[in-house]
Amino acid sequence: VARPLVERILDLAARAPSGTNMQPWRVHALAGAPLALLSSELLVAHDEAESGATVLESPYRYYPSPLFEPYLARRRKVGWDMYGLLGIAKGDKARMHAQHGQNFRFFGAPVGLIVTIDRRLEIGSWIDIGMFLQGLAIAARAHRLETCPQAAFAPHTELIRKHVPMSETEIVVCGVALGRADSAAAINTLRTEREPASAFASFAGF
Ligand SMILES: Cc1cc2nc3c(=O)[nH]c(=O)nc-3n(C[C@H](O)[C@H](O)[C@H](O)COP(=O)(O)O)c2cc1C
């Protein structure tokens, strides 16, 4: 995936609306050797965290703890559906750890994007980043590429800071794998469910 195409997709994604047009997104795009180096260091850090040698701390909380219904059940379902497709049994911690580690290879994608935000910004700007990420995913598909947003990178903000030109106030929101889909891969046969609009929306005056 050549740099002009990545830039084109980022330019399209940046047409996303943002509150008062603040455009709070920042992106660090990696390919080739810099991507491979970051991946290998992240995989080491991933193993160290598993063994308890280091403790990772995310710069933000994605989920509340404890999680509650109906979100807990949905989260569990997608996890077990995915591990089921991969033949990973419940409790097989070693294989679950290895599968989680695939995140740090950007699932083999040729381009890895690190999306950051200035930590001084507020929740509104995080909404804007969500708009940007959705635009990025759709713009990629318009160019026959696929994406996976990956919050898995956030707890590794400090390691990532050593690899990309992030300022002191920037924190990692997520990574995004960008590449061509491998339709033969079992994991890509996963079809996730959605609640219908009638379950999450209310209507009046129609
Ligand atoms: C902000 C964000 C972060 C995510 N982080 C990860 C991640 O770290 N690893 C991963 O494999 N998938 C990640 N996902 C993908 C979700 O798990 C996935 O979108 C969801 O299960 C629905 O599946 P679908 O997109 O295939 O419909 C993330 C999605 C979003 C929007």
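Both counts, for ligands and for their atoms, begin at 1 and track the order of listing. In this chain, residues are counted from 1 in sequence order.
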Using distance only, find each side-chain donor-acceptor pair of residues 8-21 under 3.5 Å and give its atom names and separation, not counting sequence neighbours.
| residue | atom | partner | partner atom | Å |
| --- | --- | --- | --- | --- |
| Ser18 | OG | Met22 | N | 3.2 |
| Ser18 | OG | Gln23 | N | 2.9 |
| Asn21 | OD1 | Gln23 | NE2 | 3.4 |

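- Taking Phe132 as the reference, Trp25 meet the ring pair (Phe, Tyr, Trp, His ring centres under 6.0 Å) condition, with sequence neighbours excluded.
- Salt-bridge formation is not detected for the pair Lys162/Glu41: no Lys NZ or Arg NE/NH1/NH2 atom is positioned less than 4.0 Å from an Asp or Glu carboxylate oxygen.
- A salt bridge is defined here as a Lys NZ or Arg NE, NH1 or NH2 lying under 4.0 Å from an Asp or Glu carboxylate O, and Arg141 with Glu146 meets this definition.
- Defined by atom type and a distance below 3.5 Å, a donor-acceptor pair is missing between the side-chain atoms of Asn188 and Ser183.
- Glu69 meets the side chain to side chain contact (heavy atoms under 4.5 Å, CB included) test with Leu72, Ala73; sequence neighbours excluded.
- Using a 4.0 Å heavy-atom criterion, the residues that approach ligand 1 are Tyr62, Val78, Asn103, Phe107, Cys148, Pro149, Gln150, Ala151, Ala152, Thr192, Arg194.
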